[in-house]
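Only one structure is covered here, and it is reproduced in the block below.
Chain letters run A, B, ... following the sequence lines, proteins first, then strands; residues in each count from 1.
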Protein chains: 2
Amino acid sequence: MATRPTMKDVAAEAGVGVMTVSRVVNGDPGVAPATAARVEEAVRKLGYHRDDVARQLRRTNQLSQTIGLMVDHVADPFMAAIASAAEDVARQHGSVVLIGSSRDDLRREREVVAAFTARRVDGMVLTPVVGSHRFLRSTIEQGTKVVCVDRAAPGLDVDAVVVDNFDAVRDAVQRLVANGHRRIGYLGDRQEIWTVGERHRGYLAALEAAGIDADPALVRHGLRSGPEAATAVTELLSAPEPPTALLAGNVVVAIGALAVLPPDIAFIGFDDFALAARMTPPVTVIAQDPVAIGTTAAHLLFARIHGDTSPPRTVVMPTTLIPRGSGEIPGPYAQGS
Amino acid sequence: MATRPTMKDVAAEAGVGVMTVSRVVNGDPGVAPATAARVEEAVRKLGYHRDDVARQLRRTNQLSQTIGLMVDHVADPFMAAIASAAEDVARQHGSVVLIGSSRDDLRREREVVAAFTARRVDGMVLTPVVGSHRFLRSTIEQGTKVVCVDRAAPGLDVDAVVVDNFDAVRDAVQRLVANGHRRIGYLGDRQEIWTVGERHRGYLAALEAAGIDADPALVRHGLRSGPEAATAVTELLSAPEPPTALLAGNVVVAIGALAVLPPDIAFIGFDDFALAARMTPPVTVIAQDPVAIGTTAAHLLFARIHGDTSPPRTVVMPTTLIPRGSGEIPGPYAQGS
DNA sequence: GTGAAAGCGCTAACAA
DNA sequence: TTGTTAGCGCTTTCAC
């Protein structure tokens, strides 16, 4: 196996000094065309590729042109869309993206962040898990920029891009109430996750506004997978006083629930998904725009990297309720006709 | 903004030499506990984080503990699952993952690969786009390991993980024929993509085996999005002699097609998707296992990185036809009953 | 227009 | 057990 050629090798091959090679490789001006051609020929012949690792070491106050992206789970379609959008923006800035998943585990998050920091990323986009983020303090103080996405990180004074989880769920539940439902079930992921807590609060607020007593028997927290959600739905519906409507707090839970949901139960899910419109009945959802969210977060990050020192701000992106049918199934207290 | 402390700063703070700091930071043996404690205290106080960029430069024959993953499009659920699996394996090997999307553009692929190479990744997992991959030659010769996933790269003698696209589609089409269909439509992405070509060949082989003349009017290539697929379906079905069955070559095309497909047309899609079983009728698919594919590719890559020099091999992962109903709708030539 | 010397932050090799 | 020296591949600086 051939060894990796260095600038020295190229310089020797072309019969010039390393500085000339450096200039040619970086497209710097001030090299005679004939010399440049000789260098380029040597580069091709030896298969030389510049070592950005060494380069970054010397250019000490320069950027590494690398950002980190830590999400909950890359395979989650919502997170994958954010990742894709962030990568597109990074590309526009000539940067590459290091990716990592926390799987909602703080220890794992710390490891991923440490790996990013050790590689001297210019900044990172994080979906923070529940817990303390003090370990990020020194990294941020030393100049690494951080933007949170999807979830805020309490106690971390950085930019964040989130949606109006509370309002969106409150409005959706109010819609179910207006359609004649009073026994409305809630299916959610681990309540400690910031978005999940916000959505649950929205659910409770809507019930309270409607003068409905919240029944703990209608609420299921901590659903981590489709099958768990399906089981929860089956249990809720076989109770003595079953719900007539359900709200699913995220897309994993929604898809799991839909696998076993009878068509006469009203249903609204958080997050849109492919073919929601082709289900029977078509599924009403609260849609976020993950591409816009990821793009916004990445733009904020690069603004910071390029010197924006304004106070941190939280951008709240809108959600849209898409009525398709399942959320409009009337309940036992429906008015009229 | 505080400047980033170096080992020298820590050494000064702790009143020791830099080598002692290096030993403590890396957990090397041979440091007196009391000294180590002083160093650790200084590390904490200064918020020191080891610079892996400088580290990698010196440890020249060592690994960068970084791999690259270049897929078609991270937002594609199939690719996202592969990425997630690869990240899990990388994590087990103490490595992080650089991600990039080619968007099926060879120029973009080259840029991504160049960015990976410049950062001295130990290896990369690629979903090669159509075109020549000679530009990878020198990188591979210099020791960067490459594994192809999902698609083979003709002319590149490296490991690959693929599925039996040809057989899977041939068998699926034979199934449609057995169910009484003779006018079977094919909906595919750009035919130059290796998987797409294989699947189309499988389609043609099944027709030929059944003695059915392939009708070009029933074939649509180059479908790049759901809406394009939907339009193609509408056009095919409004032709004078419309197909009675359709085969969709990938999940994007399948989902687009299903948005407009009448329930009496038989349908088989390539790739499984959430809620396929809840459609009306439930959707028959040829399922791949992206997690197994991504895991296998990553394992192959790390085996190479850790010194495996056996001849390159292509691993063919199985697919499974999941009959759910849409593929079992009888055609006009159905036997019996 | 070109090159030689120094040094980025770290670790290998050796010395004490 | 600890420290010193050299050098990884590159760029900065300055001299020619």
Problem set entry | Spacing between B/Arg58 atom CZ and D/dC8 atom P, to the nearest angstrom | 7 Å
Exercise. Is there side-chain contact between B/Ile293 and B/Val149, with at least one heavy-atom pair below 4.5 Å?
Worked result: yes
Exercise. Quantified as the angle between the terminal helix axes (five pairs each), what is the overall bend of the helix from C/dG1-D/dC16 to C/dA16-D/dT1 to 10 degrees?
Worked result: 40°
For this session: In plain terms, say whether A/Asp51 and A/Lys8 are close enough for a salt bridge, that is, a side-chain N and a carboxylate O under 4.0 Å apart.
Result: no
Problem set entry | Residue-level proximity of residues 10-34 of chain B to DNA chain C when a heavy atom falls under 4.0 Å | B/Met19, B/Ser22, B/Asn26
Problem set entry | Ion pair B/Asp52/A/Arg120, N-O distance below 4.0 Å | no
Seminar exercise, completed: Checking B/Val21, B/Val24, B/Val31 against B/Val16 for side-chain contact (heavy atoms from CB on, under 4.5 Å), the one that qualifies is B/Val21
Exercise. Would A/Arg119 and A/Ser64 count as having a side-chain donor-acceptor pair, cut-off 3.5 Å?
Worked result: no
Problem set entry | Backbone of A/Tyr48 reached by a side-chain donor or acceptor of B/Gln142 within 3.5 Å | no
Exercise. Rounded to whole angstrom units, what separation is found between the CD atom of A/Gln65 and the C1' atom of D/dT11?
Worked result: 15 Å
Problem set entry | Integer-rounded Å distance: D/dT12 P and A/Arg59 CZ | 6 Å
Exercise. Is any side-chain N of the basic residue among B/Asp72 and B/Arg151 closer than 4.0 Å to the acidic one's carboxylate O?
Worked result: yes
For this session: Report yes if the side chains of A/Glu109 and A/Leu106 come closer than 4.5 Å at any heavy-atom pair, otherwise no.
Result: yes
For this session: Determine, for B/Arg107 against B/Glu111, whether the closest basic-nitrogen to carboxylate-oxygen distance falls under 4.0 angstrom.
Result: yes
Seminar exercise, completed: In the 5' to 3' direction, the nucleotides of DNA chain C bounding the stretch that comes under 4.0 Å of a heavy atom in chain A are C/dG1 to C/dG9
Exercise. Is the backbone of B/Ser101 close enough, under 3.5 Å, to the side chain of A/Glu87 for a donor and an acceptor to pair up by distance?
Worked result: yes
For this session: Give the rounded distance in Å between these two atoms: CE of A/Met7 and P of D/dC8.
Result: 15 Å
For this session: Return the orientation label for the B/His93 and B/His299 ring planes: parallel under 30°, perpendicular over 60°, tilted otherwise.
Result: perpendicular
Exercise. D/dG9 P sits how many Å from B/Arg120 CZ, rounded?
Worked result: 9 Å
Exercise. Atom CZ of B/Arg38 and atom C1' of D/dT2: how far apart are they, to the nearest Å?
Worked result: 11 Å
